[in-house]
Amino acid sequence: MARHVFLTGPPVGKTTLIHKASEVLKSSGVPVDGFYTEEVRQGGRRIGFDVVTLSGTRGPLSRVGLEPPPGKRECRVGQYVVDLTSFEQLALPVLRNADCSSGPGQRVCVIDEIGKMELFSQLFIQAVRQTLSTPGTIILGTIPVPKGKPLALVEEIRNRKDVKVFNVTKENRNHLLPDIVTCVQSSRK
(Lines give C-alpha, C1' and ligand atoms only; values in the text may rest on other atoms or scores of the structure.)
Protein backbone atom coordinates (compact mmCIF):
# COMPACT_ATOMS: atom_id res chain seq x y z
CA MET A 1 0.00 0.00 0.00
CA ALA A 2 1.40 3.38 -1.01
CA ARG A 3 1.93 5.88 1.77
CA HIS A 4 3.79 8.62 -0.08
CA VAL A 5 2.68 10.21 -3.37
CA PHE A 6 5.10 11.67 -5.91
CA LEU A 7 4.48 13.35 -9.26
CA THR A 8 6.98 13.15 -12.10
CA GLY A 9 7.05 14.23 -15.72
CA PRO A 10 8.14 17.11 -17.92
CA PRO A 11 7.35 20.74 -16.92
CA VAL A 12 3.60 20.54 -17.61
CA GLY A 13 1.96 21.48 -14.30
CA LYS A 14 3.24 19.28 -11.47
CA THR A 15 3.56 22.23 -9.08
CA THR A 16 0.06 23.44 -10.01
CA LEU A 17 -1.31 19.96 -9.22
CA ILE A 18 0.56 19.93 -5.89
CA HIS A 19 -0.97 23.34 -5.02
CA LYS A 20 -4.49 22.20 -5.91
CA ALA A 21 -4.12 18.91 -4.01
CA SER A 22 -2.78 20.80 -0.95
CA GLU A 23 -5.79 23.13 -1.00
CA VAL A 24 -8.28 20.26 -1.30
CA LEU A 25 -6.57 18.36 1.53
CA LYS A 26 -6.41 21.46 3.78
CA SER A 27 -10.07 22.25 3.16
CA SER A 28 -10.97 18.72 4.25
CA GLY A 29 -9.11 19.25 7.55
CA VAL A 30 -5.80 17.55 6.74
CA PRO A 31 -2.73 19.29 8.26
CA VAL A 32 -0.47 20.24 5.31
CA ASP A 33 2.93 21.94 5.42
CA GLY A 34 5.92 22.02 3.09
CA PHE A 35 7.48 23.99 0.27
CA TYR A 36 7.53 24.35 -3.49
CA THR A 37 9.89 25.94 -5.97
CA GLU A 38 8.79 28.77 -8.20
CA GLU A 39 10.41 30.25 -11.27
CA VAL A 40 11.60 33.87 -10.94
CA ARG A 41 11.35 36.01 -14.08
CA GLN A 42 12.72 39.43 -14.87
CA GLY A 43 12.06 41.26 -18.11
CA GLY A 44 10.43 38.18 -19.57
CA ARG A 45 13.30 35.78 -18.95
CA ARG A 46 13.87 33.27 -16.17
CA ILE A 47 16.64 34.37 -13.82
CA GLY A 48 16.27 31.66 -11.20
CA PHE A 49 14.05 29.85 -8.75
CA ASP A 50 12.70 30.64 -5.29
CA VAL A 51 11.77 28.29 -2.47
CA VAL A 52 8.34 29.18 -1.09
CA THR A 53 6.95 27.57 2.06
CA LEU A 54 3.23 26.87 2.28
CA SER A 55 3.08 29.50 5.02
CA GLY A 56 4.34 32.05 2.47
CA THR A 57 7.99 32.57 3.43
CA ARG A 58 10.15 32.95 0.33
CA GLY A 59 13.87 32.92 -0.45
CA PRO A 60 16.20 32.26 -3.36
CA LEU A 61 16.99 28.68 -4.41
CA SER A 62 19.11 29.68 -7.40
CA ARG A 63 19.98 32.61 -9.63
CA VAL A 64 21.80 33.15 -12.89
CA GLY A 65 25.30 34.47 -12.22
CA LEU A 66 25.09 34.30 -8.41
CA GLU A 67 28.52 34.19 -6.77
CA PRO A 68 28.92 31.56 -4.06
CA PRO A 69 29.85 32.92 -0.61
CA PRO A 70 33.62 33.05 0.04
CA GLY A 71 34.98 29.65 1.04
CA LYS A 72 31.85 27.78 -0.14
CA ARG A 73 31.90 25.47 -3.13
CA GLU A 74 29.85 26.55 -6.12
CA CYS A 75 26.76 24.42 -6.65
CA ARG A 76 25.65 24.91 -10.24
CA VAL A 77 22.94 23.42 -12.45
CA GLY A 78 23.38 24.78 -15.97
CA GLN A 79 23.44 28.57 -15.73
CA TYR A 80 21.94 28.59 -12.23
CA VAL A 81 24.01 28.84 -9.06
CA VAL A 82 22.28 27.33 -6.03
CA ASP A 83 22.01 29.34 -2.81
CA LEU A 84 22.36 26.40 -0.40
CA THR A 85 22.16 28.52 2.76
CA SER A 86 18.88 30.15 1.74
CA PHE A 87 17.40 26.82 0.62
CA GLU A 88 18.35 25.03 3.84
CA GLN A 89 17.06 27.87 6.04
CA LEU A 90 13.61 27.53 4.45
CA ALA A 91 13.28 23.83 3.61
CA LEU A 92 14.87 22.12 6.60
CA PRO A 93 12.61 23.61 9.34
CA VAL A 94 9.53 22.57 7.33
CA LEU A 95 10.80 18.97 7.08
CA ARG A 96 11.80 18.90 10.76
CA ASN A 97 8.33 20.16 11.72
CA ALA A 98 6.75 17.36 9.70
CA ASP A 99 8.86 14.84 11.63
CA CYS A 100 8.07 16.07 15.10
CA SER A 101 4.60 17.50 14.84
CA SER A 102 2.53 16.12 17.59
CA GLY A 103 -1.11 15.34 17.56
CA PRO A 104 -3.26 12.49 16.37
CA GLY A 105 -3.68 11.53 12.72
CA GLN A 106 -1.49 11.76 9.69
CA ARG A 107 -0.06 14.95 8.30
CA VAL A 108 1.03 15.76 4.76
CA CYS A 109 4.42 17.26 3.94
CA VAL A 110 4.75 18.86 0.49
CA ILE A 111 8.23 18.64 -1.08
CA ASP A 112 8.33 20.22 -4.54
CA GLU A 113 10.84 19.28 -5.65
CA ILE A 114 13.52 16.71 -4.95
CA GLY A 115 15.73 17.65 -7.89
CA LYS A 116 19.34 18.39 -8.80
CA MET A 117 19.44 21.82 -7.16
CA GLU A 118 17.96 20.62 -3.87
CA LEU A 119 20.18 17.53 -3.80
CA PHE A 120 23.34 19.62 -3.37
CA SER A 121 22.27 19.77 0.29
CA GLN A 122 23.32 16.72 2.32
CA LEU A 123 21.16 17.98 5.20
CA PHE A 124 18.14 18.04 2.87
CA ILE A 125 18.84 14.47 1.71
CA GLN A 126 19.01 13.30 5.35
CA ALA A 127 15.82 15.21 6.22
CA VAL A 128 13.90 13.70 3.28
CA ARG A 129 14.98 10.18 4.24
CA GLN A 130 13.94 10.87 7.84
CA THR A 131 10.55 12.21 6.72
CA LEU A 132 9.98 9.19 4.45
CA SER A 133 10.39 6.91 7.46
CA THR A 134 8.45 9.01 10.00
CA PRO A 135 5.20 7.31 11.00
CA GLY A 136 2.26 9.67 10.64
CA THR A 137 3.80 11.73 7.85
CA ILE A 138 2.81 11.41 4.20
CA ILE A 139 4.97 13.12 1.57
CA LEU A 140 3.27 14.68 -1.43
CA GLY A 141 6.19 15.58 -3.65
CA THR A 142 7.70 15.89 -7.10
CA ILE A 143 10.70 14.13 -8.60
CA PRO A 144 12.32 14.72 -11.97
CA VAL A 145 12.07 12.40 -14.97
CA PRO A 146 15.18 10.19 -15.12
CA LYS A 147 17.69 11.59 -17.62
CA GLY A 148 21.44 11.49 -17.67
CA LYS A 149 23.14 10.29 -14.51
CA PRO A 150 20.60 8.87 -12.02
CA LEU A 151 20.04 10.89 -8.83
CA ALA A 152 20.48 8.41 -5.96
CA LEU A 153 17.75 9.73 -3.65
CA VAL A 154 15.27 10.10 -6.54
CA GLU A 155 15.83 6.48 -7.62
CA GLU A 156 15.58 5.34 -3.99
CA ILE A 157 12.18 7.07 -3.74
CA ARG A 158 10.99 5.77 -7.11
CA ASN A 159 11.81 2.18 -6.05
CA ARG A 160 10.25 2.27 -2.57
CA LYS A 161 7.32 -0.07 -2.01
CA ASP A 162 5.43 2.60 -0.04
CA VAL A 163 5.54 5.19 -2.86
CA LYS A 164 2.97 5.78 -5.62
CA VAL A 165 4.37 7.76 -8.58
CA PHE A 166 2.01 9.59 -10.93
CA ASN A 167 3.44 10.44 -14.35
CA VAL A 168 2.02 13.87 -15.25
CA THR A 169 1.59 14.71 -18.94
CA LYS A 170 -0.09 17.50 -20.88
CA GLU A 171 -2.83 14.99 -21.73
CA ASN A 172 -3.62 13.79 -18.18
CA ARG A 173 -2.73 16.79 -15.97
CA ASN A 174 -6.32 18.10 -15.86
CA HIS A 175 -7.73 14.72 -14.77
CA LEU A 176 -5.22 13.58 -12.11
CA LEU A 177 -6.24 15.76 -9.17
CA PRO A 178 -9.00 13.45 -7.80
CA ASP A 179 -6.68 10.40 -8.06
CA ILE A 180 -3.85 12.22 -6.24
CA VAL A 181 -6.14 13.45 -3.45
CA THR A 182 -7.75 10.00 -3.07
CA CYS A 183 -4.33 8.36 -2.91
CA VAL A 184 -3.14 10.74 -0.17
CA GLN A 185 -6.40 10.41 1.77
CA SER A 186 -6.29 6.60 1.62
CA SER A 187 -2.71 6.78 2.96
CA ARG A 188 -4.10 8.56 6.03
CA LYS A 189 -6.39 5.69 7.02
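Val128 and Val77 end up in the same hydrophobic cluster when Ile, Leu, Val, Met, Phe, Trp and Tyr side chains are linked at under 4.5 Å. Under the 4.5 Å side-chain heavy-atom criterion for Ile, Leu, Val, Met, Phe, Trp and Tyr, Val12 and Leu140 are members of the same hydrophobic cluster. Residues Val82 and Leu123 fall within the same hydrophobic cluster, defined by Ile, Leu, Val, Met, Phe, Trp and Tyr side chains chained together at heavy-atom separations under 4.5 Å. Val40 and Leu84 fall into different hydrophobic clusters, where Ile, Leu, Val, Met, Phe, Trp and Tyr side chains are chained together by heavy-atom contacts under 4.5 Å. Both Ile125 and Leu132 belong to a single network of hydrophobic side chains, linked directly or stepwise wherever heavy atoms of I, L, V, M, F, W or Y lie under 4.5 Å apart.
Put simply, the side chain of Leu151 does not reach to within 4.5 Å of the side chain of Leu153, judged on heavy atoms. A 4.5 Å side-chain heavy-atom check between Ile114 and Glu118 finds every atom pair outside the cut-off. When side chains are defined from C-beta on, Tyr36 does not count as touching Ser22, because their heavy atoms never get closer than 4.5 Å.
No donor-acceptor pair under 3.5 Å is formed between the side chain of His4 and the backbone N or O of Val163. Side chain of Ser86 to backbone of Pro60: a donor-acceptor contact under 3.5 angstrom is found. The closest donor-acceptor contact from the side chain of Arg46 to the backbone of Val64 lies at 3.5 Å or more, if one exists at all. Here the side chain of Ser187 pairs a donor or acceptor atom with the backbone of Ala2 at under 3.5 angstrom. Listed for the Lys14 side chain is a donor-acceptor partner under 3.5 Å among the backbone atoms of Gly9. With hydrogens and angles disregarded, a donor-acceptor distance shorter than 3.5 Å links the side chain of Arg63 to the backbone of Phe49. The backbone N or O of His19 lies less than 3.5 Å from no partner atom in the side chain of Asp112, so there is not a single donor-acceptor pair.
Nearest heavy-atom pair across Leu95 and Cys109 is CD2-SG, 3.6 Å. Across every non-hydrogen atom of Pro150 and Glu155, the tightest pair is CB-CG, 3.8 Å. Looking at every heavy atom in both residues, Arg3 comes nearest to Gly136 through NH1-N, 3.8 Å. Taking each heavy atom of Ser28 and Gln185 in turn, the nearest pair found is OG-NE2, 3.5 Å. In this structure, Thr182 and Pro178 approach most closely via the heavy-atom pair OG1-O, 2.7 Å. Shown here for Arg158 and Pro144, the closest heavy-atom pair between the two residues is NH2-O, 2.8 Å.
Here the straight-line distance linking atom CD1 of Ile18 with atom CD1 of Ile180 works out to 7.0 Å at 0.5 Å rounding. Going from atom OG1 of Thr57 over to atom CG of Leu90 covers 6.5 Å, rounded to the nearest 0.5 Å. Atoms CD and CZ, on Glu113 and Phe35 in that order, are 9.0 Å from each other to the nearest 0.5 Å. Going from atom CG of Asn167 over to atom CZ of Phe6 covers 15.0 Å, rounded to the nearest 0.5 Å. Atom CZ of Phe120 and atom CZ of Arg76 lie 9.5 Å apart (nearest 0.5 Å). Here the straight-line distance linking atom CD1 of Ile139 with atom CG of Asp162 works out to 9.0 Å at 0.5 Å rounding.
A salt bridge does not link Lys26 with Asp33: none of the charged nitrogens is closer than 4.0 Å to a carboxylate oxygen. A salt bridge does not link Glu23 with Lys20: none of the charged nitrogens is closer than 4.0 Å to a carboxylate oxygen. With respect to the salt-bridge test (charged N to carboxylate O, under 4.0 angstrom), the residues Glu38 and Arg58 qualify.
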Apply the test side-chain contact (heavy atoms from CB on, under 4.5 Å) to residues Ile111 and Phe124: give CA-CA distance (whole Å), side-chain angles for both, the deciding distance (0.1 Å), then the verdict.
-> CA-CA 11 Å; Ile111 307 177; Phe124 175 69; 3.8 Å; yes
Between Thr142 and Val168, does a side-chain contact (heavy atoms from CB on, under 4.5 Å) hold up when you go through it step by step?
-> CA-CA 10 Å; Thr142 61; Val168 181; over 6 Å; no
